[in-house]
K.L.:
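Sharing a structure, written as C-alpha cells. Questions coming.
The shown structure was predicted, so the numbers you read here are calculated from the model rather than taken from an experiment. Scope of the values below: all heavy atoms of this structure, side chains included, with no hydrogens, waters or symmetry mates.
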Amino acid sequence: MVTSEDTFHFTPEQEANFKRWGALLETEQARTWAVDEKQAMETIHDTFKQAGFEKGNDLSSEQLDSIFRHMKRLIKNMALNKRLYEDNGLANFNSRLRILLFDSKPLPERVNQFLGLKNAGELTVSQFLCSFSPGEYPEVGWHTLSILELDSVQMDNAYGEALLEHNIASPQSYRGDTLVYLRNIVIFRQIKNLLGIEEYNQINNVLWLAYKEAETETEAKPAPASVSLEADLRDYLADNPAFIESGLSLVDKEYTI
C-alpha cells in the first residue's frame, strides 16, 4: 500500500520557488518564446497532416529535417539530425515514430519501443511527444530537471508513483530511460498543476529561465579539498562536467536500473 509519505510532493521551499519563477512567464523573453513555439508546433502538425502520417504514409527525409528544425525551436537538441533516421533506416524510424504518436498501446510500451532506436534518448522522445501534444506530455532536459534540486527520496517516490500509474509490475521489462521519463512525467505534472499552466513547453521555458538566472548568480563551485563520500564527488562532477572534458553536459545525476 502507498502511504502519504511515499507519494511524490515538493517541499515548501521548492513550492515557493515555483511561485517566484512563475513570474518569469511575463518576461519579454518568455512571451517571445511562446509565440515562436506555437508557430513551430503548428508547422509540425501541418507536416504530419499533409503527409498523411497517421494514416500510414511515411515522412520523407526532407519532411523529417523540417520537423527537426522546428522541434529545435523548443529545445536545442543536438540529437535531432539525419542520423536519427539514417542509422535506423527511414522506414523503421517512421514506423516507430507513428507508434509513439498514434498507436493505442499504453504509453510505456510506445516510449519503450521508440527508445530502442539508435541515438534516441529521453530528451528526444519527450520533444516529439510535447511537440505533438504539449498539454499532455512534458519535454524534459537535464537543465530543467536539475534546477528543481530534488532529493533521492523525492525521485524514488515519483518513480514508484509512475509504476503504479502505469500498472508496471515488472520494471525490468522496460528500458531504464523509459522508466526515467515516466518518473519525470509525475514530477512535471505537479509543476503544471502548481503553476496552473496549460502547456508543458511553457514549463520548460520557466525552468530554463530559472536555471539561467541561477547560473548567473552562482560561480562554479571550487573542488572540495577532500572527498569523503561518493555523493560529494557525484555532485561536484554534476555541477562541473567540464572538469572531466570540455563540452560535456549532464544528462542526469542518477540512472534508475
Side-chain angles (χ1 to χ4, degrees), residues 8-10 14 17-18 21-22 24-25 30 33-34 37 40-41 44 68 70-80 84 97 100-101 107-108 110-112 114-115 117 119-152 154-163 165-166 168 171 174-195 197-212 214-215 238 241 249-257:
F8 172 78
H9 61 272
F10 291 109
Q14 289 167 338
N17 283 336
F18 291 135
W21 293 341
L24 295 172
L25 276 178
W33 284 347
E37 290 168 357
M41 288 187 286
I44 291 169
F68 292 168
H70 290 293
M71 285 174 64
K72 286 179 181 177
R73 291 161 68 180
L74 280 74
I75 297 181
K76 303 294 183 183
N77 179 4
M78 297 301 293
L80 292 173
L84 263 177
L97 180 60
L100 177 68
L101 299 181
L107 178 64
R110 291 188 282 128
V111 171
N112 209 61
F114 186 83
L115 288 173
L117 291 167
N119 308 314
E122 184 198 353
L123 176 58
T124 300
V125 77
S126 72
Q127 270 190 282
F128 270 112
L129 288 169
C130 184
S131 298
F132 192 75
S133 187
E136 188 174 3
Y137 302 112
E139 51 184 355
V140 185
W142 77 265
H143 295 90
T144 52
L145 189 61
S146 66
I147 191 65
L148 302 179
E149 296 186 339
L150 303 175
D151 61 32
S152 59
Q154 289 175 303
M155 289 290 200
D156 288 344
N157 287 346
Y159 178 80
E161 280 195 40
L163 297 184
E165 179 179 330
H166 296 284
I168 298 176
Y174 293 87
R175 296 174 54 90
D177 42 6
T178 295
L179 299 176
V180 166
Y181 180 59
L182 298 178
R183 177 202 71 187
N184 290 339
I185 290 177
V186 172
I187 296 168
F188 276 66
R189 185 193 300 137
Q190 277 214 22
I191 300 173
K192 183 172 180 283
N193 293 337
L194 284 169
L195 293 179
I197 297 176
E198 292 185 1
E199 297 187 340
Y200 279 107
N201 58 296
Q202 293 188 62
I203 294 176
N204 180 71
N205 295 343
V206 167
L207 298 181
W208 175 253
L209 288 170
Y211 175 83
K212 298 305 290 184
E215 189 178 52
S249 61
L250 182 70
V251 174
D252 206 344
K253 274 191 181 183
E254 296 180 349
Y255 192 80
T256 302
I257 58 172

K.L.:
Out of Val206, Ile203, Leu195, which one pairs with Leu25 under the side chain to side chain contact (heavy atoms under 4.5 Å, CB included) rule?
P.N.:
Val206
K.L.:
What do the steps show when you test Glu37 against Asn205 for side-chain hydrogen bond (donor to acceptor under 3.5 Å, both in side chains), and what is the final call?
P.N.:
CA-CA 10 Å; Glu37 290 168 357; Asn205 295 343; 3.1 Å; yes
K.L.:
Measuring from atom CZ of Arg183 to atom CG of Asn157, what distance do you get when rounded to the nearest 0.5 angstrom?
P.N.:
12.0 Å
K.L.:
Mind listing the closest non-hydrogen atom pair of Leu24 and Ala210 along with its distance?
P.N.:
CD1-N, 3.7 Å
K.L.:
Pair Tyr174, Leu182 - check side chain to side chain contact (heavy atoms under 4.5 Å, CB included), show working.
P.N.:
CA-CA 11 Å; Tyr174 293 87; Leu182 298 178; 5.9 Å; no
K.L.:
Decide if the gap between the ring center of Phe10 and the ring center of Phe18 is smaller than 6.0 angstrom.
P.N.:
yes
K.L.:
Any heavy-atom pair between the side chains of Asn201 and Met41 that's under 4.5 Å?
P.N.:
yes
K.L.:
Measure the spacing between CH2 of Trp21 and CH2 of Trp208 and express it to the nearest 0.5 Å.
P.N.:
14.0 Å
K.L.:
Between atom CG of Leu129 and atom CD1 of Ile185, what is the distance when rounded to the nearest 0.5 Å?
P.N.:
7.5 Å
K.L.:
When you look at CD of Glu165, are more than 12 heavy atoms from neighbouring residues, nucleotides or ligands closer to it than 6.0 Å?
P.N.:
yes
K.L.:
Keeping Gln154 on the side-chain end and Asp151 on the backbone end, is there a donor-acceptor pair under 3.5 Å?
P.N.:
yes
K.L.:
Under a 3.5 Å distance rule, please check whether Gln202 uses its side chain to pair with a backbone N or O of Ile197 as donor and acceptor.
P.N.:
no
K.L.:
From the options Val125, Leu115, Leu107, select the one residue that forms a side chain to side chain contact (heavy atoms under 4.5 Å, CB included) with Thr178.
P.N.:
Leu115
K.L.:
Please give me the minimum heavy-atom distance between Ala158 and Val186, naming the atom from each residue.
P.N.:
O-CG2, 3.8 Å
K.L.:
Looking at every non-hydrogen atom in both residues, tell me the closest pair between Tyr211 and Ser146 and how far apart they are.
P.N.:
CE1-OG, 3.9 Å
K.L.:
I need the Leu74 CG to Ile44 CD1 distance, nearest 0.5 Å.
P.N.:
6.5 Å
K.L.:
Report the C-alpha separation of Tyr159 and Leu179 in whole Å, then their side-chain angles, then the decisive distance to 0.1 Å, and conclude whether the side chain to side chain contact (heavy atoms under 4.5 Å, CB included) test is met.
P.N.:
CA-CA 7 Å; Tyr159 178 80; Leu179 299 176; 3.4 Å; yes
K.L.:
Would you mind telling me which of Arg189, Glu122, Glu139 makes a side-chain hydrogen bond (donor to acceptor under 3.5 Å, both in side chains) with Asn184?
P.N.:
Glu122
K.L.:
To the closest 0.5 Å, what do you measure between OH (Tyr137) and CG (Leu100)?
P.N.:
8.0 Å
K.L.:
Closest heavy-atom contact between Met71 and Leu80?
P.N.:
CB-CD1, 3.8 Å
K.L.:
Between Cys130 and Pro138, which heavy-atom pair has the shortest distance, and what is it?
P.N.:
CB-C, 4.1 Å
K.L.:
Nearest 0.5 Å, what's the OG1-CD1 distance between Thr144 and Ile191?
P.N.:
8.0 Å
K.L.:
Checking the side chain of Ser131 only, and the main-chain atoms of Phe128 only, is there a donor and an acceptor separated by less than 3.5 Å?
P.N.:
no
